[in-house]
Asker: 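First, the structure itself, so that you have it in front of you.
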Amino acid sequence: MKKIYLLVLIWGYPFMGMGQWQPAGDRLLTHWGKELDPTQVLQEYPRPIMEREEWKNLNGLWEYAVLPVGSGEPSAYEGQILVPFALEAALSGVGRALKANEELWYKRDFQLEPSWKKKRILLHFGAVDWQTDVWVNGVKVGSHRGGYTPFVFDITAALVKGDNRLTVRVSDPTDQGVQPRGKQVNRPRGIWYTSVSGIWQTVWLEPVAEHFISSLRITPDIDRHILSVEVSTEGKGMLQVDVSAAGKSVSSSRSLTGQRLEVPMPSDMSLWSPESPFLYDLSVSLWEEGRCVDRVKSYAAMRKYSVKRDGRGIVRMQLNNRDLFQYGLLDQGWWPDGLYTAPSDSALCYDIAKTKAWGFNMIRKHVKVEPARWYYHCDRLGMIVWQDMPNGDRGPEWQNRDYFKGAEKNRSEFSETLYRSEWQAIMDYLYSYPSIGVWVPFNEAWGQFKTEEIARWTKNYDPSRLVNPASGGNHYTCGDMLDLHNYPAPDLYLYDAQRATVLGEFGGIGLACEGHLWEPSRNWGYVEFKSGEAATVEYLKYAGMLLQLIPCGFSAAVYTQTTDVEIEVNGLMTYDREKVKLDENKIREINRKICNSLFADTKKESKYQEK
């Protein structure tokens with residue numbers, strides 16, 4: 001009987017955590033959140049651009065505690081938190097805010113796989129907001145500052161046999177600090193949303209050899225038929241890059257470490273576009289003395305983003321040396337149950353797939369950075385991305401509507417350092433993802449400073465993308481485009497004859513759908529309607545106006561927005577993604593007309609429409 005009883009305890013152990021965990025509060029949930037299994041949270045490989053076969057996911061139930069700053073590690077923890085959902089998110093199981101004078105502590109134990117003996121062990125964090133300190137078995141292994149980019153520590157020297165203890169401390173001042181934080185505030189209202197503190201992306205372990213590949217930087221050149229691959233390594237040796245398509249070899253190149261590899265591509269190479277998002281498979285290997293010591297899988301696309309003056313003298317945005325009107329949605333990437341974190345990979349992909357199905361070819365990722373898999377889904381589905389820098393350096397004055405209008409903000413040296421460091425880290429993190437087409441350093445003068453210098457640095461750091469210096473903000477003659485915002489209807493009230501002129505935000509048609517609301521009241525849109533039919537008519541009116549403005553000079557436009565976010569109900573979908581508010585067939589038809597408006601080749605236009 002004793003043996004049987006012990007067996008039952010072991011068999012039941014994985015479900016003990018499930019019984020203890022449940023979403024916090026009574027806020028709106030997505031169906032993915034309702035179906036969430038806390039023992040199987042976001043199990044997909046978290047870094048598709050550089051994949052290894054062996055890894056271990058550390059998502060799941062951890063212990064947590066919140067203490068005053070400087071208290072030191074807690075002697076006892078308060079309860080369980082579901083990683084990687086932020087402390088404030090319902091799906092964390094906690095659902096409380098972290099104050100500026102508090103610290104969030106995490107703890108969990110882990111074991112290494114037996115096959116990982118004699119390997120170096122890397123500990124990865126997808127993203128943690130904001131200041132992070134990490135210990136393994138009481139040994140400090142590293143610190144990180146920043147809320148939007150991945151970081152990694154080599155923890156090999158701190159490991160022991162059997163159980164290993166991982167301890168994490170996080171502090172986050174939210175809007176009491178000057179760090180980049182996007183739309184997070186302590187008092188949500190209007191266009192400002194619930195704060196996000198702590199671990200909010202996947203945590204994972206990875207075994208590597210003594211010498212290994214640490215990063216990739218992939219640059220296509222369709223004019224020269226070259227795929228450039230810069231490989232950073234720990235250790236020296238020979239590198240090899242093999243390019244294939246559908247399992248068939250396309251090309252390869254070898255070099256010593258420290259050298260850029262230029263892989264020749266065939267003259268009939270396939271180009272990536274929203275109509276045909278073709279991806280090549282890459283295998284990158286590190287060799288020492290004739291032996292492969294490390295190999296990673298990756299992928300790449302042959303594509304080119306540029307601007308060029310058309311036959312009428314208007315500067316147009318181009319993809320692959322062809323004029324393309326980029327028309328997309330303002331996508332804030334918020335979830336009612338996970339806040340910054342989608343409840344599942346299917347949920348993460350869902351918004352992109354719907355945007356594609358509605359006939360858009362672009363997404364503006366608004367003052368937020370997503371997990372790597374989001375960009376991977378954009379790559380494979382064919383969705384151009386305009387990537388914003390999350391704004392910061394905004395104190396309680398955010399309540400004053402005019403606080404960020406007019407002159408540029410004077411930042412402290414510390415504030416500038418945080419901005420520059422995180423913006424560079426974001427660009428490094430996302431550089432190799434083909435879908436990234438435009439970098440957006442500032443939005444609407446929110447903390448905008450030294451615009452010309454920042455725009456110039458951004459372009460020099462990555463000449464392969466376009467730079468939108470300030471979307472709807474204080475305008476300077478720098479970067480690749482002039483970006484106007486106008487609500488609700490589109491309006492070409494300024495024009496730049498030397499750069500592309502784009503409409504970075506418009507629309508905001510509001511429709512509150514009972515049963516799908518974050519709050520029962522306070523809901524708002526830039527214009528408000530009572531039915532989906534009326535909202536659809538208004539959308540078609542705005543889209544028709546935009547069509548008429550394209551020959552006059554607009555080269556791209558962004559409609560606000562993909563989904564409702566908290567009390568802001570101007571999404572094409574409700575916040576829980578359960579209801580599409582407008583007529584999908586009607587918006588798809590006119591959206592495709594807008595995206596095809598600059599196509600000179602009618603055959604290509606009809607082919608795109610068929611898809």
Asker: Is there a donor-acceptor contact under 3.5 Å linking the side chains of Asn585 and Arg588?
Answerer: yes
Asker: Trp457 vs Tyr461 aromatic rings, parallel, tilted or perpendicular, using cut-offs 30° and 60°?
Answerer: parallel
Asker: Does one side chain, of Ser228 or Thr219, offer a donor that lies under 3.5 Å from an acceptor on the other?
Answerer: no
Asker: Checking side-chain contact (heavy atoms from CB on, under 4.5 Å) between Leu166 and each of Val141, Ile155, Val134, which is the one that passes?
Answerer: Val134
Asker: Using distance alone, with no hydrogens and no angle criterion, decide if Tyr419 and Gln179 have a side-chain donor and acceptor under 3.5 Å apart.
Answerer: no
Asker: Under 3.5 Å, is there a donor-acceptor pair between the Trp439 and Asp462 side chains?
Answerer: yes
Asker: State whether Lys368 and Asp331 are salt-bridged, where the test is any N-O pair (Lys NZ or Arg NE/NH1/NH2 against Asp/Glu carboxylate O) under 4.0 Å.
Answerer: no
Asker: Does any part of the side chain of Phe360, heavy atoms only, come nearer than 4.5 Å to the side chain of Leu572, both counted from C-beta?
Answerer: yes
Asker: Quick one, Asn320 with Gln318, criterion side-chain hydrogen bond (donor to acceptor under 3.5 Å, both in side chains). Give me CA distance, side-chain angles, the key distance, then yes/no.
Answerer: CA-CA 6 Å; Asn320 302 331; Gln318 291 196 324; over 6 Å; no
Asker: Looking at side-chain heavy atoms only, is the closest gap between Tyr45 and Arg52 below 4.5 Å?
Answerer: yes
Asker: What's the separation between atom CG in Leu286 and atom NE2 in His211, rounded to the nearest 0.5 Å?
Answerer: 8.5 Å
Asker: Yes or no on side-chain hydrogen bond (donor to acceptor under 3.5 Å, both in side chains) for Ser273 and Glu275, after CA distance, side-chain angles and deciding distance?
Answerer: CA-CA 5 Å; Ser273 68; Glu275 312 97 279; 3.3 Å; yes
Asker: To the closest 0.5 Å, what do you measure between CG (Asp337) and CG (Leu29)?
Answerer: 5.5 Å
Asker: Would you mind checking if Asp388 and Lys365 are paired as a salt bridge, meaning a charged N to carboxylate O distance below 4.0 Å?
Answerer: no
Asker: For Glu589, does the CD atom have more than 12 heavy-atom neighbours from other residues, nucleotides or ligands under 6.0 Å away?
Answerer: no
Asker: So, are Arg465 and Asp480 salt-bridged, with charged N and O less than 4.0 Å apart?
Answerer: no
Asker: Checking side-chain polar atoms at under 3.5 Å, does Thr458 have a donor or acceptor matched by the opposite partner on Trp423?
Answerer: yes
Asker: Can we say Glu210 and Lys236 salt-bridge, meaning some charged N sits less than 4.0 Å from an Asp/Glu carboxylate O?
Answerer: no
Asker: Are more than 12 heavy atoms from other residues, nucleotides or ligands located less than 6.0 Å from atom CZ of Arg260?
Answerer: no
Asker: Quick one, Trp334 with Tyr575, criterion ring pair (Phe, Tyr, Trp, His ring centres under 6.0 Å). Give me CA distance, side-chain angles, the key distance, then yes/no.
Answerer: CA-CA 8 Å; Trp334 288 75; Tyr575 198 15; 8.2 Å; no
Asker: Between Arg47 and Glu206, is there a side-chain N and carboxylate O pair less than 4.0 Å apart?
Answerer: yes
Asker: If I take atom OG from residue Ser597 and atom CZ from residue Phe325, how far apart are they, to the nearest 0.5 angstrom?
Answerer: 5.5 Å
Asker: Between the side chains of Gln184 and Asp129, does any donor sit under 3.5 Å from an acceptor?
Answerer: yes
Asker: May I ask you to check whether Trp200 and Phe85 place their ring centres under 6.0 Å from each other?
Answerer: no
Asker: Given the rule in the side-chain hydrogen bond (donor to acceptor under 3.5 Å, both in side chains) test, do Asn321 and Asp223 qualify, once you have shown the distances and angles that lead to the verdict?
Answerer: CA-CA 9 Å; Asn321 298 320; Asp223 297 323; 3.0 Å; yes
Asker: Under 6.0 Å from the NZ atom of Lys119, do we count more than 12 heavy atoms belonging to anything else shown?
Answerer: yes
Asker: Indicate yes or no: does Arg224 engage Glu262 in a salt bridge with an N to O separation below 4.0 Å.
Answerer: yes
Asker: For a quick check under 3.5 Å, do Asn443 and Asn391 share a side-chain donor-acceptor pair by atom type?
Answerer: no
Asker: Counting heavy atoms not belonging to Arg254, are there more than 12 under 6.0 Å from its CZ?
Answerer: no
Asker: Parallel, tilted or perpendicular for Tyr429 and Tyr433, by the 30°/60° rule?
Answerer: perpendicular
Asker: Rounded to the nearest 0.5 Å, how far does OH of Tyr350 lie from CE of Met573?
Answerer: 5.5 Å
Asker: What's the separation between atom CG in Leu42 and atom CG in Leu36, rounded to the nearest 0.5 Å?
Answerer: 8.0 Å
Asker: Please verify the inter-ring angle class for Phe151 with Phe125; under 30° counts as parallel, over 60° as perpendicular, anything in between as tilted.
Answerer: parallel
Asker: Quick one: do Tyr376 and Tyr299 satisfy ring pair (Phe, Tyr, Trp, His ring centres under 6.0 Å)? Show the steps, please.
Answerer: CA-CA 10 Å; Tyr376 161 69; Tyr299 64 89; 5.8 Å; yes
Asker: Do we see a donor-acceptor contact under 3.5 Å between the side chains of Ser471 and Arg364?
Answerer: yes
Asker: Go through the steps to decide whether Asp576 and His31 satisfy the test side-chain hydrogen bond (donor to acceptor under 3.5 Å, both in side chains), and finish with yes or no.
Answerer: CA-CA 8 Å; Asp576 59 6; His31 73 265; over 6 Å; no
